[in-house]
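First listed ligand is number 1; within each ligand, the first listed atom is number 1. Fair warning: this is a prediction, and the values are worked out from it, not measured in the lab.
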Amino acid sequence: MSVVRTRFAPSPTGVLHIGSVRAALYSWLYARKMGGSFVLRIEDTDKERSTQAYTDAIIEGMEWLGLTWDEGPFHQTDRFERYRAVAQQWLEQGLAYRCYCSKERLDKLRAEQQANKIKTRYDGHCRDKAEGDLSKPHVIRFKNPLEGAVEVSDAVHGLVRVQNKEMDDLILIRTDGFPTYNFTVVIDDADMKITHVIRGDDHLTNTPRQINLLKALGAPIPQYAHLPLILGKDGQKLSKRHGATGVTEYREAGYLPEALLNHLVRLGWSHGDQEIFSVQDMIAHFDLDHLSKSPAAFDIDKLTWLNHHYIKTLPLEQLVSPFKTQLQAVGVSESEVELAHCSPVAVLSAHRERAKTLKEMAECSRYVYHMPAYQQNAAQKHLVKEALPILEALVDQLTAISAEDWTSAVLHATIQGITLAQGVGFGKVAQPIRVAITGDTASPSIDQTLALVGKTEALKRLQAAIHWIANHTQTTLKSVEN
Ligand code: GLU
């Protein structure tokens with residue numbers, strides 16, 4: 001059997017959509033699984049709608065996801081000579097012809113067909129005419145076979161049969177000299193020796209036409225797999241209405257590529273009941289025999305659940321760089337990260353149970369880097385007169401702890417001592433401290449929270465809380481040091 005070669009062929013006319021990513025993922029997985037090659041091809045022939053910014057975003061998105069390509073990125077705009085050469089050759093071989101039909105004639109034809117309730121299609125008016133005047137505006141059309149049928153053997157849809165008489169003569173080169181989508185795809189798939197075409201089933205109607213073009217080229221017909229649409233949870237085609245559809249938005253929202261790929265691999269393919277797939281698992285198990293025919297729904301809750309799973313289980317070093325990016329997005333500077341008492345790995349480790357995305361991770365650990373403003377309700381509830389003796393005792397006792405002893409275990413014992421001495425429950429002690437250190441009422445265990453912030457900063461914040469209570473209540477302080 002020939003070596004497997006797959007491709008991802010996005011048009012840079014929009015963001016990298018998660019629906020396209022699934023086609024890219026399956027194509028990539030199949031190539032990796034079979035020890036084949038994966039080609040990236042940018043289909044930028046639509047000169048009005050294609051932009052460099054979208055091309056860059058596609059490439060960045062693919063890199064972020066780790067969907068590495070072995071060849072490319074090829075750009076169709078670099079291959080116009082090749083497309084024109086094939087059109088010329090087909091004209092000479094009688095496989096194509098120049099069509100001089102005016103827009104008026106084609107409009108009239110369509111109107112008649114519509115009135116007669118027959119399928120609108122070109123009627124082959126110029127098909128058997130002699131070459132016209134080349135200086136006059138014209139298109140080049142393919143001479144689609146008139147007889148017989150085309151069979152598409154599709155890994156998802158099975159055998160699809162279309163009669164040739166259902167298809168008209170496709171335009172290959174437009175009046176402006178630009179090649180059309182179906183023509184360029186076919187030449188590229190043939191030249192790039194693509195063996196498996198895995199793409200969305202919005203392209204299924206193009207496939208019989210493409211097969212006829214491939215036959216004209218004398219190229220082998222690839223195996224096709226047309227994937228059903230990805231839907232929103234409401235059963236409608238996934239669109240902006242359902243939330244983010246672009247890959248970059250998920251990255252910015254703190255999702256990991258592992259989670260996104262895991263969710264996407266399950267939307268249209270299964271391996272028993274298995275839900276969690278590392279990339280290695282996907283490569284080991286992926287096949288074209290278990291693709292689903294029915295559309296699958298994108299589920300943000302499931303994605304978030306998977307994301308949390310990967311935050312909890314991936315090696316923490318792997319999360320450091322995207323975590324730092326998220327920290328910056330919530331206003332923590334690079335130098336604050338560098339000067340912090342603890343490493344990003346320690347922060348990630350302390351918060352991984354509670355943060356489902358890296359954005360949440362940054363939001364809930366921002367206090368490690370600088371003191372956020374008190375949440376009004378939290379301060380009103382916990383920074384109260386009754387908390388003063390607790391905070392004052394704590395400042396006294398924490399001051400005595402050496403920097404080397406500033407560990408969760410020692411801090412825990414110290415706080416425990418205060419609860420016993422003052423005869424109050426742990427919660428009564430922990431919450432004022434938590435608000436003093438983090439500005440709010442949720443954080444890892446209080447000893448861990450203090451350990452992360454470090455001695456100097458912790459004492460500074462506790463004293464600030466004592467001042468705050470003094471300023472907001474009519475209390476005389478035992479002692480306040482600055
Ligand atoms: N460029 C096409 C698109 O973005 C895909 C073509 C194909 O996969 O054959 O929809």
Protein contact to [atom] [nearest heavy atom, distance to 0.1 Å]:
atom: atom 1 (N) of ligand 1; value: E43 OE1, 2.5 Å
atom: atom 5 (C) of ligand 1; value: A9 O, 3.3 Å
atom: atom 10 (O) of ligand 1; value: H203 NE2, 2.9 Å
atom: atom 8 (O) of ligand 1; value: R7 NH1, 2.7 Å

Inset, instruction - Please state which part of Y181 comes within less than 4.0 Å of ligand 1, counting heavy atoms only: side chain, backbone, both or neither. - result: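 For Y181, only side-chain atoms sit under 4.0 Å from ligand 1.
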Inset, instruction - Would you name the heavy atoms of R199 and A23 that are closest together and state the gap between them? - result: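 Looks like CA-CB, 4.1 Å.
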Legend entry - R352 versus T313, closest heavy-atom pair with distance: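 Closest heavy-atom pair between R352 and T313: NH2-N, 3.8 Å.
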Legend entry - Nitrogen or oxygen of V197 less than 3.5 angstrom from that of ligand 1: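 No - when backbone and side-chain N and O of V197 are compared with those of ligand 1, no distance drops under 3.5 Å.
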Legend entry - Ring centers of H263, Y310 separated by less than 6.0 Å: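 Aromatic pair excluded; centres sit 6.0 Å or further apart.
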Legend entry - Distance-only polar pair, side chains of S443 and R434, donor-acceptor under 3.5 Å: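 Note: S443 and R434 side chains meet the donor-acceptor criterion.
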Inset, instruction - Heavy-atom contacts with S11 under 4.0 Å: which atoms of ligand 1 show up? List them by number with element. - result: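 Answer for ligand 1: 1 (N), 2 (C), 3 (C), 4 (O).
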Inset, instruction - Could you walk me through whether F8 and F38 pass the ring pair (Phe, Tyr, Trp, His ring centres under 6.0 Å) test, one step at a time? - result: CA-CA 8 Å; F8 176 48; F38 176 61; 7.1 Å; no
Inset, instruction - Any chance you could measure T68, atom OG1, to E63, atom CD, to the nearest 0.5 Å? - result: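 Separation between the atoms: 10.0 Å.
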